[in-house]
Amino acid sequence: MTEEPGTAKTGGPARLGTNATVAPLDRVRVDPSEQPLTTNQGVRIGDNQNTLKAGLRGPSLLEDFILREKITHFDHERIPERIVHARGSGAHGYFEAYDGLTQYTRAAPFAEKGKITPVFVRFSTVAGERGSKDTARDARGFAVKFYTDEGNWDLVGNNIPVFFIQDAMKFPDLVHALKPEPHHGMPQAGSAHDTFWDFVSLSPESTHMLMWAMSDRAIPRSYRMMQGFGVHTFRLVNEQGESVFCKFHWTPLQGTHSLVWDEAVKIAGADADFHRRDLWEAIESGEFPEWELGVQIFTEEQADGFSFDVLDSTKIVPEELVPLTPVGRMVLNRNPDNFFAETEQVAFCTAHVVPGIDFSNDPLLAGRIHSYADTQITRLGGPNFHEIPINSPLAPVQNNQRDGMHRQAVHRGRVAYEPNSLGGGCPFQAGTAGFVSFPDAHAEDKVRGKPEKFSEHYAQATLFFESQTDVEKAHIAAAFRFELSKVDVRAIRERMVSSLVNVSRELAAEVATGLGMEVPDAMPKAVTDPEPPEITESPALSLMARPGETGIRTRQIAVLVEEGVHHASLVDLHGALTDAGGIVHFVGSRVGTFVGDSGEKIEANKSMENSPAVLFDALVLPDGSDAVQALAANGHTMEFIKDQFRHCKTILALGAGRELLEMAGIDSAMQEDPGILLADAGGVTEGASTFIDALTAHRHFSRDSDPPAK
Ligand code: HDD
């Protein structure tokens, strides 16, 4: 994919494949090409195979400093994993401003049209440990570090715009309930267990987030195909010190697409690194993922008039109330050189803001401002984690903080205090050129409590549910059913369903039926006469609202092959799909060479055994009677077709390949499905273009049923 030239919207062209974090990291890059092996002291090592011993069969010697250094370092290779978001994947890139946003903010990335700011982004799951699967049902972290001219700004968000709790005081409780249960350490990377549902069913403020977490957003197709949200209300502050409230939204150019649950479960076994691999491969192949940054800007006076409180992180500001203003785009164009050095050691922190960005009084945000810097001290081994290359700002760092574990900077001079005269008063305070907190006036009693609007927990959960398509609603009901069916304590199931009655009687009834129970009475509400919500439907909340602009680019297409396959049609098809940006894999009963009907060779790079159907977005069944016969005799083929069918994917059968469809029980009625396509070997070009259109639709949910038909 080549970089776009500048347009009126995007400003000047970005530099292809580069970003400003490349050069500064050069100072720490290590490349062993044509270099001898050395100790950490730079002493060349003559023998890396054998311990130093007193005689060939004698005892090893304590003086073997080479062995001891090697083993000692190895013994300390691991660092603590993140308490949450332990599993993640990162990439470098840049943010490009569409235009100056100086009317609202003096923040450096928005200073002028076309301004480029380097970024490092880490996507993650929340609950699972570092080695857990990528496709768990979970929120996804979406953390962006902007290396701005005026210091680092971290926008540490999720792919869901709301959170489970309203106050940081509850975060350790939430996480303890979500993580594996402490007595036996199960389940890994999953919320389908008693302690999680016990906590959330007793915390009605979680209901809105639960609706999102049970939707297909919690099983994205790709990190590249999900939205990102700053979640909290932030402040933008301009040069004059004037402030407005702001919510941040990332919208993927690739569209918002998800897996289905049965598929997510199977992918976990077939490729636990599914999302990591997808991100890595897309960037390696030059298909740089891109998001548009949009902001919702509103005043404090506007916020006062809303039926909900904008300081409550369990609430969105619907786009119907405050539309999104696009302000720039982010492109991820470089994979890290080293997973540990960059992705593992990157330290995001909500306290990292720059002049022009400030906090609101959201009590969840307040706790985060403390927590992130604090956790790095244990995780990264001391207070100097800002000096780790991936964390160090491009803006110069000058202060009187000194020493501590792993200090890298060599501070010169005798002065490490302020005020001083011996250092000429330096480093000096920057005054209004520096960060100035917005003077948000407050004169109230100290109190532990919540504002009144925080007590209304259901209106936006209902708004979310009612804004979904029928398929999405059915998937939400099925997800609640699945999760609650894994809860052993019946009273917890009942309590949760009684809470769902307050969201939607239809949903509660669906879930209750799935659990074989009666619909219980509605859970009593904290507020019985809340302010009526401004809207009852918001189409933007449906995943289907964003099909994306990249068509079938990076879509993985399986073409089954066997001995005797009709070669010419596959060559034509391969060309047409590859031209459209699809990634075609020849999948055989084994990997290696197959001989086609006219003697030409076809190389299978995957097999049905090592790459089952769930790893592909679409399927092509080949022509060639010998090949079809051989495929028909292989049980993997039927599984392959059935899974593709069940997961509502596009299937194209060429010529005799249609016999395989029939064998899989996909009868003629089903062949009216827009995602099941037939083509004669002679009509491949036409077939390919229909296939591309069908695959662009991502899924054919008209086929979706519960329980599955196949
Ligand atoms: Fe958090 C990591 C997102 C609430 C405390 N959080 C972490 C990461 C993301 C988020 C994306 C991973 C960053 C990375 O890739 O390294 N967290 C959120 C969002 C929240 C949220 C969107 C709600 C709006 N978090 C939250 C609260 C607290 C924390 C209320 C504590 C009071 N989060 C942490 C943490 C982590 C973390 C313990 C673990 C590792 C780290 O910070 O660096 O400090």
Side-chain angles (χ1 to χ4, degrees), residues 79-92 119-130 134 138-145 152-179 203 205-206 208-209 212-213 217-218 220 223 226-234 247-250 275-276 279 310-316 332 336 339-352 359-360 362-381 385-386 388 390-391:
I79 62 170
E81 66 174 34
R82 291 165 173 85
I83 163 79
V84 281
H85 297 264
R87 177 162 180 84
S89 303
H92 294 268
V119 299
F120 186 80
V121 177
R122 184 174 178 272
F123 303 111
S124 47
T125 51
V126 182
E129 291 167 8
R130 191 152 53 194
D134 276 348
D138 203 347
R140 297 297 186 284
F142 194 125
V144 183
K145 188 180 283 295
N152 285 353
W153 169 36
D154 294 352
L155 185 56
V156 196
N158 277 347
N159 72 331
I160 292 179
V162 287
F163 203 60
F164 286 113
I165 47 168
Q166 298 169 320
D167 190 309
M169 189 69 111
K170 299 311 298 169
F171 191 66
D173 298 290
L174 166 70
V175 176
H176 289 171
L178 171 65
K179 282 274 183 175
S203 312
E205 69 196 55
S206 301
H208 186 198
M209 170 90 171
W212 291 77
R217 296 197 179 242
Y223 285 140
M226 57 186 204
Q227 286 175 286
F229 302 93
V231 182
H232 310 281
T233 297
F234 288 90
K247 291 258 188 190
F248 294 102
H249 295 237
W250 295 106
H275 288 145
R276 180 174 293 179
L279 180 67
V310 299
L311 302 184
D312 174 356
S313 273
T314 68
K315 309 283 170 26
I316 57 165
L332 298 183
F339 185 88
F340 179 83
E342 299 175 270
T343 309
E344 191 60 17
Q345 293 202 105
V346 66
F348 293 94
C349 182
T350 42
H352 295 166
F359 312 113
S360 70
D362 178 338
L364 190 69
L365 177 56
R368 296 183 73 194
I369 293 167
H370 161 73
S371 182
Y372 289 71
D374 184 42
T375 200
Q376 314 306 347
I377 293 172
T378 299
R379 195 173 74 84
L380 298 172
F385 60 86
H386 61 283
I388 296 173
I390 192 67
N391 294 325

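Just so you know, these numbers come straight off a predicted model, no measurement behind them. Order of listing sets the numbers, starting from 1, for every ligand and every atom in it.
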* To do: Among all protein heavy atoms, pick out the one at the shortest distance from atom 10 (C) of ligand 1; state its residue, atom name and that distance to 0.1 Å.
  => His85 NE2, 3.2 Å

* **Any donor-acceptor N/O pair, His275 side chain to Ser89 backbone, under 3.5 Å** => no

* So which bit of Val84 gets within less than 4.0 Å of ligand 1, heavy atoms only: side chain, backbone, both or neither? -> both

* Test item: Arg140 side-chain N/O and Met226 main-chain N/O as donor-acceptor pair under 3.5 Å -> no

* If you count the atoms of ligand 1 from 1 in the order shown, which ones are under 4.0 Å from a heavy atom of Ile83? -> 38 (C), 39 (C)

* Which of the ligand 1 atoms, numbered from 1, are nearer than 4.0 Å to a heavy atom of Gln376 -> 41 (C), 43 (O)

* **Shortest protein heavy-atom distance from atom 44 (O) of ligand 1, along with the residue and atom involved** => Ser371 OG, 3.1 Å

* Plane angle bin for Trp212 and Phe229 - parallel if under 30°, tilted between 30 and 60°, otherwise perpendicular -> perpendicular

* Asked: Can His232 be said to touch ligand 1, with heavy atoms closer than 4.0 Å?
  -> yes

* Could you tell me whether ligand 1 has any atom less than 4.0 Å away from a heavy atom of Ser313? => no

* Structure fact -> heavy-atom search around atom 29 (C) of ligand 1 in the protein gives Phe171 CE2, 3.2 Å

* Inspect the contact between Lys170 and Glu205 and indicate whether a charged nitrogen and a carboxylate oxygen are less than 4.0 angstrom apart. => no

* Asked: Between Asn158 and ligand 1, which residue portion shows a heavy-atom distance shorter than 4.0 Å: side chain, backbone, both, or neither?
  -> both

* Asked: What protein heavy atom sits nearest atom 15 (O) of ligand 1, and how far off is it?
  -> Arg122 NH1, 2.7 Å

* Flag, side chain of Ser313 to backbone of Leu364, donor-acceptor distance under 3.5 Å -> no

* Asked: What are the atoms of ligand 1, with element, lying closer than 4.0 Å to any heavy atom of Arg82?
  -> 14 (C), 16 (O), 40 (C)

* List every atom of ligand 1 that sits less than 4.0 Å from any heavy atom of Leu364, numbering the atoms from 1 in the order shown and giving each element. => 23 (C), 24 (C), 30 (C)

* Asked: To the nearest 0.1 Å, how far is atom 21 (C) of ligand 1 from its closest protein heavy atom, and which atom is that?
  -> Arg368 NE, 3.2 Å

* Test of ring centre spacing under 6.0 Å for Trp250 and Phe123 -> no

* Structure fact -> Closest to atom 1 (Fe) of ligand 1 among protein heavy atoms sits Tyr372 OH, 1.9 Å

* To do: Looking only at protein heavy atoms, identify the closest one to atom 11 (C) of ligand 1 and say how far it is in Å.
  => Gly157 O, 3.2 Å

* Asked: Tell me, do Lys145 and Val121 make a side-chain contact under 4.5 Å, heavy atoms counted?
  -> no

* What do the steps show when you test Phe171 against Val84 for side chain to side chain contact (heavy atoms under 4.5 Å, CB included), and what is the final call? -> CA-CA 11 Å; Phe171 191 66; Val84 281; 4.1 Å; yes

* To do: Tell me yes or no: between the side chains of Arg122 and His85, is some donor less than 3.5 Å from an acceptor?
  => no

* Please check if the side chain of Asp134 supplies one atom and the backbone of Arg276 the other of a donor-acceptor pair under 3.5 Å. => yes

* Structure fact -> Closest to atom 13 (C) of ligand 1 among protein heavy atoms sits Phe348 CD1, 3.9 Å

